[in-house]
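The structure under discussion is supplied below as structure tokens; questions concerning it will follow.
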Amino acid sequence: MAKTYDPKKTEKKIYALWEKSGFFNPDKLAKSYKKSFTIFLPPPNITGELHMGHALNAAIQDILIRWKKIQGYKALWLPGIDHAGIATQNVVEKQLKKQGISRFDLGREKFLEKVWQWKKKYGNIILEQFKKLGCSLDWSRTAFTMDKDYYQAVIKAFLHYYEKGWIYQGKRVVNWCSRCQTSLSDLELEYKKEKGHLWYIKYPLVQKSKFQNPNSKQNPNYKLQIPRFIAVATTRPETMLGDTAVAVNPNDERYKKLVGQKVILPLTKREVPIIADKLVDPKFGTGAVKVTPAHSLIDYEISLKHDLLFLQVIDGQGRIMPPAPFIYQGLRIFDARKKILGDLEKLGLLEKIEDYDLSLPKCYRCETIVELIPSEQWFLKMNELARVAINAVKQGKVKFYPKNFEKGYFGWLSNVRDWCLSRQIWWGHQLPVFYCGKKQEEIRNQKSEIRNNNNRNFVVVLKKPKKCPFCKECSMKQSEEVLDTWFSSALWPLASLGWPKKTRDLKNFYPSNILSTARDIINLWAARMIFSGIEFMKKPPFKNVYVHPTVVTKEGKRMSKSLGTGVDPLNLVEKYGADAVRFGISYQIMGSQDIRFTEDNIIMGKKFCNKIWNAARFVLLQIGKFKISPGQVFFENLAGQVNQKSKLQLTAADKKILKALDKTIKSINKDLENFRFGQATHTLYNFFWHDFCDIYIEKSKNQLSGNNKRKSQTQKVLIYTLLTFLKLLHPFMPFITEEIYQKLPKKNKKALIMIESWPS
RNA sequence: GCGCGUAUAGCUCAGCGGUUAGAGCGUCCGUUUCACAUACGGAAGGCCGUUGGUUCAAAUCCAACUACGCGCACCA
């Protein structure tokens, strides 16, 4: 054995050995492995590169899987990748942009070809990177959310909800990214704090007659100074073009007498009413607010109650559109804002400007400011699904670790709006909706307000009908829209096992035991998996949700490639070895919600590897040096005899180390059961370095120079302790433990520590 | 505005009711002879965020405050 441990020489070799054994696949395990233990790898995006978050979660899951496998469970860790709709489409679009072409130049089919090519070339890189970390994923079951079978599952789920009456189509105010040209769900927005302004705009009151004109001297109320204007405050002056009312709080004394009157909307000639609604916060601005039903959710709500007009003035490109006055039409939002403010200024209607901190909703994939725009979309009713998802956790069928994340989960679900499922991008699962070409035309010519269900011009079916059920003659056209990428992710625990087919895998491995996930996708992903699992399999897809900490920089800042604050785990593997990286990461998982990343712990891991290596070298040397009798060299024999302690005359040092070892086993089990990965790592480190190396090995040197009996007994304790420790450490540091195990003089040359028995 | 989390050595973190508060890294001093200099021996370095409370006893439990991080809402 070399004097130092060299991960480069062993990791590749050992990984190949594991893959060759086939034991990543639980079906290949011996029959004695009975109970299953399943974890689904959160499928990384095909656009993804391994970052510290992946490395952390990979380490956690691999620890759990290897721990359970060595304990005798049929452990399955199922890998796969997510097609990541918008994210992937954007990456390919960016590539095309370099060549000066847009997706529209190519057309849908050609563009999708490009995406598939891209997927073929780069799609599996990230999975290969997981191998470098030593992940014991069952590669034979690798799934992809755009596989043919997976597609079937997605369509089936859509159809199921539709038939239940939970999916409906409708024109709603939705989040719209004008760059991606698609709708977005609420969870796909990222709010960014920015300095903005609050503009106070005066809306002139309609003066019906001379008598009512407060400035007319014939008016008896002249001296009361009845205002001629009502001022509204807004951060979005350009939306005033679509105002259809001014609203005040009904209890606001300042405005009580104005309710029911009308104002002239400046820059347009429209008269709009002043209404009272308790949704208006009297403390905001002047207490009077403009109401733009087409471009604000709360205004939309108000408009329904008061039967207000609904005027869309911003289009899908983010430009002003009719019925806004002609001079503004076609202007981009910020240009329109500038012009409108200028025009108001000229009219003397701009009362004042205040600084205002706002958080702007941005597209989570391209950072364009997201607009609220009315648009025809498909929605999934959430009330029942949310209820079911809440109950699953309330009843303890799904448990969160740490528990306080349940609070945010409940909070989101109990206020959730219907899920906007449709996206206007191309890369994704096309809706199984088929339109009658003829009827579609007719309906397009009708005003959206009169549309109703009797006007249905589509069917929702698994396969395109041979004959159009409406006109009997057109070849039906499939909807061009695709599903939200998270709709398919929500089915991950089912579809990756073959659902909707009743597969053996589904029977054997559903539900899984643990979902290990980052906290930012608890609602986006975990919640949706929970209700999907219950809906389709009657059982939640996992029993425990472990919310792992977030890796941030040493300064506490978010790790981000674009900010240059990211750390590449593969560089670290290259530098220190996979075991050291895994050790360093697990060492820091102490239960806090963030981990400030420091390389120190990985260096510690590297040194630890070397310590283990040399201690093993010492033990092996002692066995070789003091052969007692042929046949006893096998460590199985030596180690085995320690368990029958009666025959041994143990010294105080022997007893002490065996006791400490026993304590370590118990504490590791307890820690792993409670996701205390850091504590477990600390315990292993301290036991080995201090109890075993500093104390016992030093003592053993003395004992080994004693009589033969003492020698042999010391050898046994040494090998037993080393072997037991290696097993305990294997989930954490799989490579070095396997490598040393392979060097032990064992009877069964093919034995692997990966499937050894767990010490008890 | 509401909620969650964190504050201990220069740095990253343990300890979570009971002797002189610990580890790794960093710093300083010393040691190469037989497992390991990626090691070993030793040293310096802490009003355990602030203020109150509970207790025989508080870094540890409770409350308030301050600072930082995160999430949600508002942004009409």
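All values below were derived from every heavy atom in this structure, side-chain atoms included, with hydrogens, water molecules and symmetry-related copies excluded. Every chain is numbered from 1 and lettered A, B, ... according to where its sequence line falls, protein lines coming before strand lines.
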Under the side chain to side chain donor-acceptor pair (under 3.5 Å) rule, collect the residues that match up with A:Tyr409, sequence neighbours excluded.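 None.
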Pairing residues for A:Ala324 by the side-chain contact (heavy atoms from CB on, under 4.5 Å) criterion, not counting sequence neighbours: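 For A:Ala324, the residues satisfying side-chain contact (heavy atoms from CB on, under 4.5 Å) (neighbours in sequence not counted) are A:Leu241, A:Val313, A:Ile320.
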Can you list everything that forms a side chain to side chain donor-acceptor pair (under 3.5 Å) with A:Thr550? Sequence neighbours excluded, please.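 With neighbours one apart ignored, the set is A:Arg519.
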Give the dot-bracket line for RNA chain B from 5' end to 3' end: parentheses for intra-strand Watson-Crick or G-U pairs under 3.5 Å, square brackets for crossings, | for inter-strand pairing, dots for unpaired. (((((((..((((....[...)))).(((((.......))))).....(((((..]....))))))))))))....
Looking at A:Lys407, does any N or O in its side chain come under 4.0 Å of the phosphate oxygens OP1/OP2 on B:rC4?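 Answer is yes, contact under 4.0 Å.
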A:Pro374: partners by side-chain contact (heavy atoms from CB on, under 4.5 Å), with sequence neighbours left out: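 Once residues adjacent in sequence are excluded, the partners of A:Pro374 under the side-chain contact (heavy atoms from CB on, under 4.5 Å) criterion are A:Lys171, A:Ala294, A:His295, A:Phe310, A:Gln312.
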The criterion is side chain to side chain donor-acceptor pair (under 3.5 Å); which residues satisfy it with A:Asp299, sequence neighbours excluded?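 With neighbours one apart ignored, the set is A:Ser296.
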Does A:Glu354 have any side-chain contact (heavy atoms from CB on, under 4.5 Å) partners at least two apart in sequence or in another chain, and if so, which?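 For A:Glu354 the side-chain contact (heavy atoms from CB on, under 4.5 Å) partners, ignoring immediate neighbours, are A:Leu198, A:Tyr200, A:Lys352.
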Which atoms of nucleotides 41-44 of chain B (N or O only) lie under 3.5 Å from a protein N or O atom, and what are those distances?
none

Output all residues satisfying side-chain contact (heavy atoms from CB on, under 4.5 Å) with A:His690, sequence neighbours left out; order by chain, then residue number.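 Counting only residues at least two positions away or on another chain, A:His690 forms a side-chain contact (heavy atoms from CB on, under 4.5 Å) with A:Asn686, A:Asp694.
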Readout for nucleotides 22-30 of chain B: B = base within 4.0 Å of protein heavy atom, S = sugar-phosphate only, - = neither; 5' to 3' it is --BS-----
Presence of A:Lys3 side-chain N/O under 4.0 Å of B:rC36 phosphate oxygens OP1/OP2: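 Yes, such a contact exists.
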Side chain to side chain donor-acceptor pair (under 3.5 Å) partners of A:Thr681, counting only residues at least two apart: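 Partners of A:Thr681 under the side chain to side chain donor-acceptor pair (under 3.5 Å) test: none.
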B:rC40 phosphate, OP1 or OP2: any side-chain N/O from A:Lys611 under 4.0 angstrom?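 The answer is yes; a side-chain N or O of A:Lys611 sits under 4.0 Å from OP1 or OP2.
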Scan residues 241-252 of chain A against RNA chain B and write down, sorted by residue number, each residue with any heavy atom closer than 4.0 Å; if none is found, say none.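 Output list: empty, so none.
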